[in-house]
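Note that ligands are numbered from 1 as they come in the structure, with each ligand's atoms numbered from 1 the same way. All values below come from the heavy atoms of this structure, side chains included, with hydrogens, waters and symmetry mates left out.
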Amino acid sequence: MVKDRPYRIVIIGAGIGGLTAASALTQRGIEVEVHERSGKLEEVGAGIQVGPNGVKVFRALGLADQLLRNAYEPINQISIKWDDASLRSSVPFRGVAEAKYGAPYLTAHRADLQRILHEALPDGIVHLGQNCIGATTVDGVAVARFADGKEVEADAVIGADGIRSVIRTQLFGADNPRFTEMMAWRCMIPMEKVPTRVGPGLSVPLPHGEYFGWIGPNGHVICYPIGDGSVLNMFVGHVTDQWVEESWSVKSSQQELLDAHVGWNEALLDMFRNVEHVYKWGIHDRDPIPQWTQGRVTLLGDAAHPTMPTLAQGGNMAIEDGYVLGRTLNRYREDIDLALQAYVAERQPRTARITLQSRQQFANNRKVPPPPFLDRTWIFTHDATKEPETQPA
Ligand SMILES: Cc1cc2nc3c(=O)[nH]c(=O)nc-3n(C[C@H](O)[C@H](O)[C@H](O)COP(=O)(O)OP(=O)(O)OC[C@H]3O[C@@H](n4cnc5c(N)ncnc54)[C@H](O)[C@@H]3O)c2cc1C
């Protein structure tokens, strides 16, 4: 369709992917509305690692300062033995990514990223309390439908509605997530409650400004400071054959954490005793889907490519998607179909590779001893804000 007026785009979901897309579109003067199911943008989620590839997008959106004020760059990456908490290795972290990949590697709270992106948008773009129940294309017009009976028309509807996307299900049917027999607890702890010593006779002070982790029997623990460094985010992976729901909001408890870590070092157990809210979440795996678009409805972020967290790239991919969508709609201002085609052609292969490498890394992590971490240079050097060298024919 060749058109004679600027596009009007409707995005379903004000997560970090949907809001990045809205920001990239607004930056280019393209009309956009975001419809979000929640009545307010709450503090859902926990710590998230913003790789150099994600930071490059924040820079291009003019949000680098806001990001840096709300994110942390750990000093060293430290590995600690699970039982006696002695030091296994320590490598410098701060400044390394900027030198190698052109942007820093930061750690932040998901809610802060969402807030920064939301605050940067003009008023009236994000509509809260809008539960989308589907989207279709009728006579070349994309139509999003809502639970209250409302319908909204647009040149394109973007399903950025997360891992349980109703739009993906409607376009391509129910998917078939496989439980990986791995679950993760997520929790946070104020830094002042992190012990400064591991225990009597042990040499390592527990790191306070560092990215650090333990690998032990049936699990691993990854910790990093977020925000201004006053809070420590903990990701506690655990092998289990007990099915756990794939959700960000299933509550767990200190006791469950402690029961699963009998015999681990006291410093870690002390940290578990100090956490307040504990959530648990089952890690599931899915194959990448080859096509994201039907008519004038397409997908973005977790809705398009739900990914295991092993490479910590799910959110970064949503951020990259959002920017590329803005860039391709701007580039093909005369032809929405070509714009959507260019968007998917650029994003599907990269995100599928991330999904498959996350799966491979997950399998490697469970080998004893684990092989070296798979190369991530191709992930971090990528700059989604730049036009690709080849365009679709
Ligand atoms: C424990 C954990 C740790 C993670 N760590 C990292 C990390 O370190 N680095 C990283 O890059 N990624 C990480 N991720 C993944 C990352 O959080 C997600 O990939 C990312 O949030 C996806 O963004 P999104 O915008 O696609 O979806 P979401 O952030 O899930 O947003 C979807 C939005 O759509 C809304 N919505 C849903 N359904 C509807 C509907 N029917 N109508 C209207 N609105 C709707 C939701 O309310 C939500 O606001 C982690 C995930 C988890 C669970």
(Q) Any carboxylate oxygen within less than 4.0 angstrom of a Lys/Arg side-chain nitrogen, looking at Arg273 and Glu266? (A) yes

(Q) So if I count the atoms of ligand 1 from 1 in the order they appear, which ones are less than 4.0 Å from some heavy atom of Gly301? (A) 26 (O)

(Q) So for ligand 1, is Asn316 a polar contact partner (N or O within less than 3.5 Å, distance only)? (A) yes

Q. How close does the nearest protein non-hydrogen atom get to atom 1 (C) of ligand 1, and which residue and atom is it?
A. Arg186 CD, 2.6 Å

Q: Check whether the side chains of Asn53 and Gln313 place a donor and an acceptor atom closer than 3.5 Å, and report yes or no.
A: yes

Q: Compute the shortest N/O to N/O distance between Val166 and ligand 1 and return yes if it is under 3.5 Å, no if not.
A: no

Q: Find all atoms of ligand 1 within a distance of less than 4.0 Å from any non-hydrogen atom belonging to His35, and give their numbers and elements.
A: 43 (C), 44 (N)

(Q) Under 3.5 Å, is there a donor on one side chain and an acceptor on the other for Gln49 and Tyr211? (A) yes

(Q) Heavy-atom distances under 4.0 Å decide this one: backbone, side chain, both or neither, for Arg164 against ligand 1? (A) neither

(Q) Checking a contact table here: which protein heavy atom is nearest atom 8 (O) of ligand 1, and how many Å away? (A) Gln49 N, 2.7 Å

Q. Does Gly315, backbone or side chain, put an N or O under 3.5 Å from an N or O of ligand 1?
A. yes

Q) Have Glu36 and Ser38 got a donor and an acceptor in their side chains that come within less than 3.5 Å? A) yes

Q: Using distance alone, determine whether Ile48 and ligand 1 share an N or O pair under 3.5 Å.
A: no

Q. Checking side-chain contact (heavy atoms from CB on, under 4.5 Å) for the pair Glu246/Trp281: CA distance, chi angles, key distance, verdict?
A. CA-CA 5 Å; Glu246 186 180 39; Trp281 158 69; 4.1 Å; yes

(Q) I'd like to know if the side chain of His35 and the backbone of Glu33 have a donor-acceptor N/O pair within less than 3.5 Å. (A) no

Q: Could you tell me the residue and atom name of the protein heavy atom closest to atom 28 (P) of ligand 1, and the distance to it rounded to 0.1 Å?
A: Arg110 NH2, 3.7 Å

Q | Gln361 side chain to Asn365 side chain, donor-acceptor N/O pair below 3.5 angstrom | A | yes

Q: Under 4.0 Å from a heavy atom of Gln313: give me the atoms of ligand 1 that qualify, with their elements.
A: 10 (C), 11 (O)

Q: Ignoring angles and geometry beyond distance, decide whether Gly17 reaches within less than 3.5 Å of ligand 1 through its nitrogen or oxygen atoms.
A: yes

Q. Which residue owns the protein heavy atom closest to atom 19 (O) of ligand 1, what's the atom, and how far is it?
A. Asp302 OD1, 2.7 Å

Q. At the 4.0 Å heavy-atom cut-off, does Ser38 count as touching ligand 1?
A. yes

Q: Compare every heavy atom of Arg296 with every heavy atom of Gly140, then report the nearest pair and how far apart it is.
A: O-NH1, 2.7 Å

Q | Thr180 (side chain) donor-acceptor with Asp285 (main chain) under 3.5 angstrom | A | no

Q.
A cation-pi test, strictly: NZ or CZ of Arg94 under 6.0 Å from the centre of the six-membered ring of Tyr224 and no more than 45 degrees from its axis. Yes or no?
A. no

Q.
Assess, by modelled atom type and distance only, whether the side chains of Glu320 and Asn316 contain a donor and an acceptor separated by less than 3.5 Å.
A. no

(Q) Suppose we measure from atom 31 (O) of ligand 1 to each protein heavy atom; which comes out shortest, and what is that distance? (A) Gly15 CA, 3.3 Å

Q.
Taking the six-membered ring of Trp378 as reference, does the cationic atom of Arg353 (NZ for Lys, CZ for Arg) lie under 6.0 Å from its centre and within 45° of its axis?
A. yes

Q) Can the positive tip of Arg37 be found less than 6.0 Å from the middle of the six-membered ring of Phe146, inside 45° of the ring normal? A) no

Q: Run the numbers for me: atoms of ligand 1, each under 4.0 Å from some heavy atom of Ala318, listed by number.
A: 23 (O), 26 (O)

**Q.** 4.0 Å heavy-atom contact, Ile163 with ligand 1
**A.** no

Q.
As an exercise, identify every atom of ligand 1 less than 4.0 angstrom from a heavy atom of Ile12.
A. 42 (N), 43 (C)

Q: Give the atoms of ligand 1, by number and element, whose distance to some non-hydrogen atom of Gln130 is under 4.0 Å.
A: 42 (N), 43 (C)

Q: Could you check Thr355, Thr351, Asp321 and say which one makes a side chain to side chain donor-acceptor pair (under 3.5 Å) with His305?
A: Asp321

(Q) With the threshold set strictly below 4.0 angstrom, can you tell me whether any protein non-hydrogen atom sits that near atom 50 (C) of ligand 1? (A) no

Q) Of the protein's non-hydrogen atoms, which lies at the shortest distance from atom 48 (C) of ligand 1, and what is that distance? A) Glu36 OE1, 3.5 Å

**Q.** Nearest neighbour of atom 32 (C) of ligand 1 from the list Gly13, Ala160, Ala21, Gly134, on a heavy-atom basis
**A.** Ala160

**Q.** Nitrogen or oxygen of Arg37 less than 3.5 angstrom from that of ligand 1
**A.** yes

Q.
What protein heavy atom lies closest to atom 53 (C) of ligand 1? Include the residue and the distance to one decimal.
A. Trp248 NE1, 3.2 Å

Q: Among all protein heavy atoms, pick the one closest to atom 27 (O) of ligand 1 and tell me residue, atom and distance.
A: Gly162 CA, 3.7 Å

Q. Considering Ala14, Cys132, Gly47, Ala312, which one's heavy-atom position lies nearest to atom 4 (C) of ligand 1?
A. Gly47

Q) Quick one: which of Leu300, Leu329, Thr293 gives a side chain to side chain contact (heavy atoms under 4.5 Å, CB included) with Tyr343? A) Leu300

